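Below is one structure; the comments refer to it alone.
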Amino acid sequence: MIGWIIMIGTCLVSALAILAFAKGRRQLWQPVAATVVLAMAGYAWQGRPDLSSSAAQPIAAERGAADALLKMRSDMDQNFGVAKMWLVTADGFARDGSYSAAAGYIQAGLREHPDNPDLWSALGLVLMLASDGEMTPPAKLAFDKARTLAPNLPAPDYFEGLAALFDRKPDITISKWNMVLERATPKAKWRPAVESQLAGLESLLAGAAPPSPELKNQ
């Protein structure tokens, strides 16, 4: 339990502190994404809180963030139909930072399968990656299309919540991630990661809240 608290607190404190004081989004969004998603999701999926700490190995922030976000989206996919045959290649392009090639490949898949929610969700994420974490109108449109086709698909709300966190709107993040968890099955592969992220964010914001007038007067 102590390991979880340290991991959640360190990730979110670091991320929100960077976002609170940073002037340039483009240079910082990938390291913040790597901090929040890679560290916490990896800890949730593979971590061992009972083990002693060891020295961290350096990673490339951009590739690490992309890998973590793509892994989260893949775990959230419905995996129905033929989406996988397109997404394996598209994800490879995205991991290499070739977001235009990834988007083009997904769009080719959508021309053949326009009603596949996994492809629309993947397109939204790639467009978000290409814009340094910003929820641009094309990315929002892609996520909205995925949500229309599959209302219970978790990826659109999760990534819109993550984009809101990068945009310093944690209240929207909390609302989105709560909706994701309300629709999740108990054994959803991605659930522990989202639960830990949400719990850490709520705890951090509660600790940062100003004291009530009653407490100030005591």
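A quick note: this is a predicted structure, and the numbers were derived from the prediction, not measured.
Considering Asp118, Asp157, Val194 as possible partners of Met76, the one that fulfils the side chain to side chain contact (heavy atoms under 4.5 Å, CB included) test is Val194.
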Can Lys169 and Thr173 be said to form a side-chain contact (heavy atoms from CB on, under 4.5 Å), step by step? CA-CA 7 Å; Lys169 298 175 181 176; Thr173 305; 5.7 Å; no
Could you walk me through whether Phe159 and Leu69 satisfy the side-chain contact (heavy atoms from CB on, under 4.5 Å) test, starting with their C-alpha distance in whole Å, then the side-chain angles of each, then the deciding distance to 0.1 Å, before giving a yes or no? CA-CA 9 Å; Phe159 289 114; Leu69 293 169; 3.7 Å; yes
Derivation and outcome, side-chain contact (heavy atoms from CB on, under 4.5 Å), residues Lys145 and Leu141: CA-CA 6 Å; Lys145 182 67 174 179; Leu141 181 64; 5.8 Å; no
Evaluate Asp77 against Arg73 for salt bridge (Lys or Arg N to Asp or Glu O under 4.0 Å), listing each step before the verdict. CA-CA 6 Å; Asp77 285 348; Arg73 192 227 68 227; 3.2 Å; yes
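With values rounded to the nearest 0.5 angstrom, Leu198 atom CG is found 10.5 Å from Arg191 atom CZ. The structure places NZ of Lys84 at 3.0 Å from OG of Ser74, a figure rounded to the nearest 0.5 Å. Expressed to the nearest 0.5 Å, how far CG of Leu181 lies from CH2 of Trp190 amounts to 6.0 Å.
A heavy-atom distance below 4.5 Å is not found between the side chains of Val126 and Phe93. In this structure the side chain of Asn178 reaches within 4.5 angstrom of the side chain of Glu202, judged on heavy atoms.
Checked against the 6.0 Å centroid threshold, Trp120 and Phe143 do not count as a close aromatic pair.
When all heavy atoms are compared, the tightest approach of Ile106 to Ala90 is CG1-CB, 3.5 Å.
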